[in-house]
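Here is the structure we will look at.
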Amino acid sequence: MNLLELQGISFTYPDEEEPVFTGLSLEVPVGQSLILRGDNGSGKTTLFRILNGLSFPTAGKYIFQGTEITEKYLRDNGQAKKFHQRIGYLFQNPDIMLFNGKVYDEIAFGPRQMGLSEEEVAKRVEDCMELFHITHLADKAPYHLSGGQKKRVALASVIALNPQLLILDEPFAGLDGKSKEDLMTFLQQWKAAGKTQIIATHDEELTKRLGDAVYTM
Ligand SMILES: Nc1ncnc2c1ncn2[C@@H]1O[C@H](COP(=O)(O)OP(=O)(O)O)[C@@H](O)[C@H]1O
Ligand SMILES: [Mg+2]
């Protein structure tokens, strides 16, 4: 079963003449780890914006779990909420994802939005902080953390939603060796739990250890 399908999608930014890509087709089965490659400017981040419902194809169709994702579909708040909860998106620059005063609240934000009780929220936040070795940072301001720590916090906040699809945009950028190894191990565990992931990376080791398929833009 496919988690998502792209059927001949094209995308052109407003006021631009040249499309970023045209006629892009892709099927991602449930549980697949797909590695996305392509030079700078080839459209990886643009594709991720479409997969997350932040931009919409100018032609072709994006189908997620059997439903075509359009601007109109996501205008319904209930539908939009359900859709966004199923996809965890780690931005290329996680700085712009962090807006809470404390690491704890940053990670708790999504679960609170989902309407979980504060007790359930605490359990999720604590589990996620442990997973990414950031428990000691709970009361710190994300703004003051190092690049690698910010990335861990951003990832923990994404994982706290328990998404069905994890989308990571160049997750190793700015990480030291130990953080990379930790992240690689986490992604392998997440995959073993049957989760689908799409990762933009040129890292050979990650591709070898995790990738079921590679798509080049
Ligand atoms: N907001 C935007 N408006 C206009 N053009 C953009 C915008 N964002 C990206 N682009 C252009 O779209 C192309 C693809 O960019 P991007 O998706 O960021 O590629 P990648 O992530 O593979 O480096 C590039 O030519 C880039 O300059
Ligand atoms: Mg990019």
Side-chain angles (χ1 to χ4, degrees), residues 3-28 32-64 68-72 74-75 80 83-84 86-99 142 146-159 163 165-176 179-180 183-184 186-187 190 196-217:
L3 181 68
L4 66 89
E5 277 175 45
L6 298 173
Q7 300 175 349
I9 63 162
S10 303
F11 186 83
T12 308
Y13 279 102
D15 304 324
E16 296 288 327
E17 281 176 19
E18 288 294 309
V20 178
F21 45 72
T22 56
L24 191 160
S25 294
L26 190 61
E27 294 184 9
V28 181
Q32 183 175 75
S33 291
L34 174 69
I35 305 293
L36 187 67
R37 283 195 189 157
D39 294 339
N40 251 343
S42 62
K44 301 181 295 297
T45 298
T46 303
L47 179 61
F48 284 168
R49 288 184 53 82
I50 291 172
L51 294 179
N52 281 283
L54 303 171
S55 294
F56 300 91
T58 35
K61 285 185 184 175
Y62 168 30
I63 315 281
F64 184 83
E68 185 182 357
I69 304 304
T70 60
E71 205 163 358
K72 182 160 176 280
L74 293 183
R75 234 176 266 139
F83 172 73
H84 290 300
R86 289 176 183 167
I87 305 184
Y89 180 26
L90 181 73
F91 285 46
Q92 191 165 356
N93 172 8
D95 275 33
I96 54 176
M97 298 173 63
L98 305 171
F99 55 92
S146 72
Q149 287 173 329
K150 281 181 186 166
K151 206 148 220 180
R152 285 165 185 260
V153 172
L155 199 52
S157 71
V158 163
I159 294 303
L165 170 63
L166 185 58
I167 295 180
L168 307 179
D169 200 349
E170 314 207 3
F172 283 174
L175 289 192
D176 61 33
S179 302
K180 267 191 198 176
L183 180 53
M184 204 130 39
F186 165 75
L187 294 175
W190 193 247
T196 311
Q197 23 200 3
I198 305 179
I199 305 171
T201 186
H202 286 93
D203 191 273
E204 287 302 334
E205 200 185 339
L206 182 63
T207 305
K208 211 164 67 195
R209 274 167 63 174
L210 198 78
D212 298 311
V214 175
Y215 184 88
T216 305
M217 301 290 295

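Atoms within each ligand, like the ligands themselves, are counted from 1 in listed order.
At a 3.5 angstrom cut-off on N or O pairs, Thr46 counts as close to ligand 1.
Proximity of Leu168 to Thr201: side-chain heavy atoms (C-beta onward) are nowhere separated by under 4.5 Å. The shortest side-chain heavy-atom distance between Leu183 and Leu206 does not fall under the 4.5 Å cut-off. Put simply, the side chain of Leu4 reaches to within 4.5 Å of the side chain of Ile198, judged on heavy atoms. You'll find the side chain of Leu51 stays beyond 4.5 Å of the side chain of Ile87, heavy atoms only.
In this structure Phe83 satisfies the ring pair (Phe, Tyr, Trp, His ring centres under 6.0 Å) test together with Phe64, sequence neighbours excluded. Remark: Glu204 pairs with Arg37 by the salt bridge (charged side-chain N to carboxylate O under 4.0 Å, His left out) rule, at least two apart or across chains. Judged as a side-chain hydrogen bond (donor to acceptor under 3.5 Å, both in side chains), and not counting sequence neighbours, Thr70 has no contacts.
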- Message: Under the criterion side chain to side chain donor-acceptor pair (under 3.5 Å), I'd like the reasoning laid out for Ser42 against Asp39: C-alpha separation, chi angles, the key distance, then a yes or no.
- Response: CA-CA 5 Å; Ser42 62; Asp39 294 339; over 6 Å; no
- Message: Pair Val153, Met97 - check side chain to side chain contact (heavy atoms under 4.5 Å, CB included), show working.
- Response: CA-CA 10 Å; Val153 172; Met97 298 173 63; over 6 Å; no
Review point. Is there a side chain to side chain contact (heavy atoms under 4.5 Å, CB included) between Phe21 and Ile50 once you walk through the steps?
Key: CA-CA 12 Å; Phe21 45 72; Ile50 291 172; 3.9 Å; yes
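Within a 4.0 Å radius of atom 3 (N) of ligand 1, the protein contributes one or more non-hydrogen atoms. In this structure, atom 26 (C) of ligand 1 has its sub-4.0 angstrom surroundings free of protein heavy atoms.
The closest protein non-hydrogen atom to atom 18 (O) of ligand 1 is Thr45 CB, 3.8 Å. Scanning the protein for heavy atoms near atom 5 (N) of ligand 1, the closest one is Tyr13 CD1, 3.3 Å. Regarding atom 24 (C) of ligand 1, its nearest protein heavy-atom neighbour is Gly41 O, 3.6 Å. At the shortest separation from atom 19 (O) of ligand 1 among protein heavy atoms lies Gly43 N, 3.1 Å.
Per-residue contacts place Asp39 under 4.0 angstrom from the following atoms of ligand 1 (heavy atoms of the residue considered): 22 (O). Close approach to Asn40 involves these atoms of ligand 1, each under 4.0 Å from a residue heavy atom: 23 (O).
Donor-acceptor pairing under 3.5 Å is lacking for the side chains of Ser55 and Tyr13.
Contacts of Val20 with ligand 1, taken as heavy-atom pairs under 4.0 Å, involve the side chain alone.
In this structure, Gly38 falls outside the shell of residues with a heavy atom less than 4.0 angstrom from ligand 1.
Note on the Mg ion (ligand 2): protein N, O or S atoms under 2.8 Å away count 2, no waters included.
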